[in-house]
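Both counts, for ligands and for their atoms, begin at 1 and track the order of listing. It should be emphasised that the depicted structure is a prediction, and the values quoted were computed from it without experimental measurement.
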Amino acid sequence: MSKTSDPRLIVALDLPSTDEAWTLTETVGDAVDYYKIGLQLFPLGGMDLCRRLKAAGKSVFLDFKLHDIPATVEKATRSITQGGADLLTVHAEPPVMRAAVAGCEGSDLQILGVTVLTSYDDAMLTEMGYAYGARDLVLRRVEQALECGVHGIVASAHEAAEIRQRFGDGFHIVTPGIRPAGADIGDQKRVATPAKALSEGASHLVVGRPVNAAPDPAQAARDIVAEMQSVPA
Ligand code: C5P
């Protein structure tokens with residue numbers, strides 16, 4: 001029998017207000033257990049929304065992509081643990097990741113490293129002074145992330161298989177850019193279907209517009225869950 005939700009599905013609350021975000025979670029109901037709050041909602045009560053979702057029994061991924069000196073990242077991470085969230089992103093630079101890992105000690109918060117923003121291509125990385133192209137920089141940073149003790153990384157479905165092959169199974173790969181077959185791609189460039197992303201090695205899928213902009217978000221989420229359940233965890 002198929003389950004209502006799938007713990008590997010994270011729906012992005014990319015909406016202009018926490019009221020609209022909360023309404024979406026009520027509309028979606030039992031079909032989704034995990035939500036992502038990003039920088040759009042952070043200054044508008046994102047941490048209160050996090051607490052409210054946790055009190056309602058949901059899991060929360062805070063996509064804040066911290067990047068600062070180690071002392072500040074450690075203290076910010078410690079403050080963030082007070083919201084009870086499950087996942088937090090930081091940029092995958094070793095001093096940043098080590099500080100975040102120290103800051104979440106004693107809590108249930110887990111840290112994800114963002115390797116290379118998907119908005120950067122090889123030419124932009126060269127212009128910024130990096131000696132690596134995007135693929136090589138992603139792999140180098142995954143290795144560093146695991147050495148720093150983070151709990152996982154954010155990567156596209158296209159990178160996931162190679163990352164699993166090289167570095168094994170003992171960490172999360174959280175994958176955005178998910179589009180059910182036939183869905184509008186929008187501004188995403190390297191997309192995969194839910195089943196494809198899971199079979200490439202993703203442990204969690206981040207889905208935004210295919211659910212939060214759907215005419216029937218609950219049905220859209222249920223359809224994605226049904227597809228995900230064809231790939232066992
Ligand atoms: O609407 P869509 O499904 O494209 O939303 C994807 C979500 O994942 C957005 O919240 C976006 O900011 C986030 N994300 C991404 N690519 C990354 C990291 C995060 O699309 N590399």
Give every pair formed by an N or O atom of ligand 1 and a protein N or O atom closer than 3.5 Å, one pair per line with both atom names and the distance to 0.1 Å, or write none.
from     : atom 1 : to   : atom 2 : distance (Å)
ligand 1 : 1 (O)  : R209 : N      : 2.7
ligand 1 : 1 (O)  : R209 : NE     : 2.7
ligand 1 : 3 (O)  : R179 : NH1    : 2.9
ligand 1 : 3 (O)  : G208 : N      : 2.8
ligand 1 : 4 (O)  : R179 : NH2    : 2.8
ligand 1 : 4 (O)  : Q188 : NE2    : 2.9
ligand 1 : 4 (O)  : R209 : NH2    : 2.8
ligand 1 : 10 (O) : D14  : OD1    : 3.3
ligand 1 : 10 (O) : D14  : OD2    : 2.7
ligand 1 : 10 (O) : K36  : NZ     : 2.9
ligand 1 : 20 (O) : Q188 : NE2    : 2.8
ligand 1 : 21 (N) : T118 : OG1    : 3.1

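In this structure, CZ in R98 is found 9.0 Å from CD in E147, a value given to the nearest 0.5 Å.
Side-chain contact, R141 with Q144: no donor N or O sits under 3.5 Å from an acceptor N or O.
With sequence neighbours excluded, no residue satisfies salt bridge (Lys or Arg N to Asp or Glu O under 4.0 Å) with R179.
With contacts defined as side-chain heavy-atom distances shorter than 4.5 Å, the pair V32/T25 does not qualify.
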Side-chain atoms of residues 34-48: list all donor-acceptor pairs with protein atoms under 3.5 Å, sequence neighbours left out, distances to 0.1 Å.
from : atom 1 : to  : atom 2 : distance (Å)
K36  : NZ     : D63 : OD2    : 2.8
Q40  : NE2    : L15 : O      : 3.4
D48  : OD1    : R51 : NH1    : 3.2

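Every pair tested for ring pair (Phe, Tyr, Trp, His ring centres under 6.0 Å) that includes a residue from residues 114-153 fails, sequence neighbours excluded, so the list is empty.
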